[in-house]
Structures are given as C-alpha cells and as structure tokens.
Amino acid sequence: MTILVTGATGVVGRRVVAELLKAGRHVRALTRRPATAALPGEVEVYEGDLEHPESLRAALAGAERMYLFPVPGTASEVMALAAEAGVRRIVDLSGAGADDETFEDGYHVVERAVEASGLDWTHVRPGEFAGNWLDWAPSIRTDRVVRRPYGGAVTQPTHEADVAAVAAAVLLEDGHAGQTYTFAGPEALTTVEQVETIGRAIGERVRFEEQDPVTGREQWIRDGYPAEVVDWLFGMWAESARDPAPVNEEWAAVVPRVTGRPGRTFAEWAAEHAAAFR
Ligand SMILES: NC(=O)c1ccc[n+]([C@@H]2O[C@H](COP(=O)([O-])OP(=O)(O)OC[C@H]3O[C@@H](n4cnc5c(N)ncnc54)[C@H](OP(=O)(O)O)[C@@H]3O)[C@@H](O)[C@H]2O)c1
C-alpha cells in the first residue's frame, strides 16, 4: 500500500514520513523542491505544488492513503483529483481553531473540502505548536530575554512529533474514519513558565519582559504577521491572561489514546531544541 505525504519536508511532514517508514510502509513524498528535499532514500519523491493541483497527478496515481498539508485555496480540486486517482483515506492537518470561521482562508475550508470528497477522512486538529516559540530564539541567544505582551496567558503547547504521531496512527490503523481529533500537549503553561522552561533547557536564566500590547502589536506586524491574525491572537491571550484556563484534559487525552504513548511535554521539546536558543 502506498501512502502519499504532502508537506513532507515540513516540521510535521518529515516526522509523518519517518513514522510511516518505521512501520515498514511504502511512502511517497510531495515537495515543490525535490533537489533540496533531503528525504530518506527509501522515499519516492514527487515534485508537485498543492497550489497547482494538476501537478499532483503523478504523485496521486496509485496512492491509497494521503496526509494533506492544508492549502485552502485549492483543497477542493486536490480532493477531487485524489478521489479520481483512487485514494481512499485522507488525513488532513487542520488546527484546534477550525470551527472558528473568522478567516475566509481558514482550516474549515480544507475540512469541508475533505468531507465533500467522499473519501474516508480524519481531521487532525492540533493546538498551538511548541515550535512557534523558535521565534524567541534570536532574543534569547543575544540577550537571554523574551519581550512579549500577556506573560500570564496560558497555552497548552503541542509537540510537533505528537502531531505527526497522531497523523501516522490514523494513516496506519483502521477505526479513525469520520473522527475529528482536537488535541494539545499534556500541560497548560503561562508564557512566563514557557520562557523559564527554555531557560532550564539551556542552563541559563532567561528573563521575560512584559511588553505593552500596542508595542507588541506593531512589532508582530513589522515581523510579517497579518494584522487580523495578530489581533485574533492577542485577543485570545488577553482573555487568557485575565482568566487563565486550567489544562484542557479532553485535548490532553487524545495523544495517549490515539498513539498509545504519553503526550510530550514542553520541557522535552525545549531540551530537544536547546541548541537553537544557546
Ligand atoms: N503553528 C501552529 O501553532 C499550528 C497549529 C495548528 C495547526 N498548524 C498547521 O500546521 C502547519 C505547519 O505544519 P508544518 O510545521 O509541518 O509545516 P512547515 O514546517 O511550514 O512545512 C510545510 C511544508 O509544506 C510544503 N508546502 C507548503 N506549501 C506547499 C504547496 N503549495 N504545495 C506543496 N507543498 C507545500 C513545504 O514543502 P516544500 O517546500 O518542500 O514544497 C513545507 O516544507 C501550519 O501551516 C498550519 O496549517 C499550525
């Protein structure tokens, strides 16, 4: 059985590929840049671009299962081609906020396209990736500081390896069709606690400096984040800082249930990525 992994050179996609190879499966990988993909030798690499669905025909031919990296604009066409090619199972990477239809180009667009395809589908909806905080690496490396608003905001960071493990389990095992797995890591941590955890991972004190939200907003927009995304994120964090939620046990239970192993902690993630912060 052939499994096609799109987004295969990504943080999650590479790990999905590794899990499938470990399980002895025949893996095809889609990339826009095969020359620099650096995927394992056993992987059959296909050039293609999800924004140009026709470019996927060769990769789809003969594939029975597929991990879909979310590209909303073309998701319907990609799904139609997948169905035509004989793919039977789709596992789509989505996000915990998929029910929020604030953004026209959001995860819900991909989810609806996947559901309309007539194929067996499973939505993988992770919460905030631990890896987002690689954004802090430059200021931690140079000044051992993180400057941000809402130090008291609580999130439940999700290790990307757990996202891949959930996706791989769904690709490999039966019984997940029609399920929506919304999940996150095992702990709820404030931003300040996450900064301290990175400090422990590198064996140095890392300071948190509370930034005023107006300055923070300007900086994020300068850094390239769309204003509407910044406002949405800051709104959530402001609310969380005012009223920090405890760990969402339902979300924390999904990784152990689906993968059979405990969810990875933020401390594990920080230890694995310590070199980026030193
Ligand atoms: N960050 C979060 O907190 C969070 C939370 C929930 C969900 N998510 C979802 O997770 C995604 C990130 O996953 P990730 O970390 O694995 O991604 P990533 O590291 O950004 O990599 C995505 C890969 O997808 C491929 N890709 C991008 N656009 C493509 C296109 N048009 N056609 C074909 N391939 C394309 C790229 O490969 P090539 O360059 O080799 O083609 C890239 O390596 C986000 O985009 C979001 O949808 C994120």
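Excluded from the calculations below are hydrogen atoms, water molecules and symmetry mates; all remaining heavy atoms, backbone and side chain alike, are included. First listed ligand is number 1; within each ligand, the first listed atom is number 1.
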Ignoring angles and geometry beyond distance, decide whether [X] reaches within less than 3.5 Å of ligand 1 through its nitrogen or oxygen atoms.
X: Asn132; value: yes
X: Phe129; value: yes
X: Val12; value: yes
X: Gly127; value: no
X: Gly10; value: yes

Handout entry: Least distance between heavy atoms, Leu39 atom then Ala8 atom
Key =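 Heavy-atom minimum between the residues: CD2-O, 3.6 Å.
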Among protein heavy atoms, which lies nearest [atom], and at what distance?
atom: atom 32 (N) of ligand 1; answer: Leu50 N, 2.7 Å
atom: atom 45 (O) of ligand 1; answer: Phe69 CZ, 3.7 Å
atom: atom 31 (N) of ligand 1; answer: Asp49 OD1, 2.8 Å
atom: atom 9 (C) of ligand 1; answer: Tyr107 OH, 3.5 Å
atom: atom 10 (O) of ligand 1; answer: Leu93 CD2, 3.3 Å
atom: atom 37 (O) of ligand 1; answer: Thr9 OG1, 2.9 Å
atom: atom 25 (C) of ligand 1; answer: Gly7 CA, 3.7 Å
atom: atom 27 (C) of ligand 1; answer: Arg32 NH2, 3.4 Å

Practice task
State plainly whether the residues Arg257 and Glu250 are in salt-bridge range, i.e. N to O under 4.0 Å.
Solution key: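 A salt bridge is absent here (no side-chain N lies under 4.0 Å from a carboxylate O).
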Exercise for the section: May I ask you to say whether Glu111 pairs ionically with Arg125, meaning some side-chain N is under 4.0 Å from a carboxylate O? Expected result: yes
Problem - More than 12 heavy atoms from other groups under 6.0 Å of CD on Glu209 - result: yes
Problem - Within 6.0 Å of CZ in Arg144, more than 12 heavy atoms from elsewhere - result: yes
Exercise for the section: Please work out which of the three classes, parallel, tilted or perpendicular, describes the rings of Trp269 and Phe266, given edges at 30° and 60°. Expected result: parallel
Practice task
Check Ser94 against ligand 1 and report side chain, backbone, both or neither, counting heavy atoms closer than 4.0 Å.
Solution key: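 Under 4.0 Å from ligand 1, Ser94 contributes backbone atoms alone.
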Practice task
To the nearest 0.5 angstrom, please state how far the OG atom of Ser94 sits from the CG atom of Leu68.
Solution key: 10.0 Å
Problem - Evaluation steps, salt bridge (charged side-chain N to carboxylate O under 4.0 Å, His left out), between Asp231 and Arg217 - result: CA-CA 8 Å; Asp231 291 340; Arg217 182 176 186 277; 2.6 Å; yes
Problem - Flag: protein heavy atom within less than 4.0 Å of atom 20 (O) of ligand 1 - result: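 Not a single protein heavy atom is under 4.0 Å away.
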Can you find a non-hydrogen atom of [X] under 4.0 Å from ligand 1?
X: Arg33; result: yes
X: Gly97; result: no
X: Ala37; result: no

Practice task
Dump the intermediate steps for salt bridge (charged side-chain N to carboxylate O under 4.0 Å, His left out) on Glu204 and Arg141, then the final yes or no.
Solution key: CA-CA 11 Å; Glu204 301 250 359; Arg141 278 200 305 270; over 6 Å; no
Practice task
Answer with yes or no whether the side chains of His123 and Tyr107 bring together a donor and an acceptor at under 3.5 Å.
Solution key: no
Exercise for the section: State whether a side-chain donor-acceptor pair under 3.5 Å links Trp251 with Gln156. Expected result: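 The answer is no; no qualifying pair exists.
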Handout entry: salt bridge (charged side-chain N to carboxylate O under 4.0 Å, His left out) evaluation trace for Glu115 with Arg112
Key = CA-CA 5 Å; Glu115 288 165 15; Arg112 294 300 86 77; 3.3 Å; yes
Fill in the blank from the handout: The atoms of ligand 1 lying under 4.0 Å from a heavy atom of Thr31, numbered in the order shown, are 38 (P), 40 (O), 41 (O)
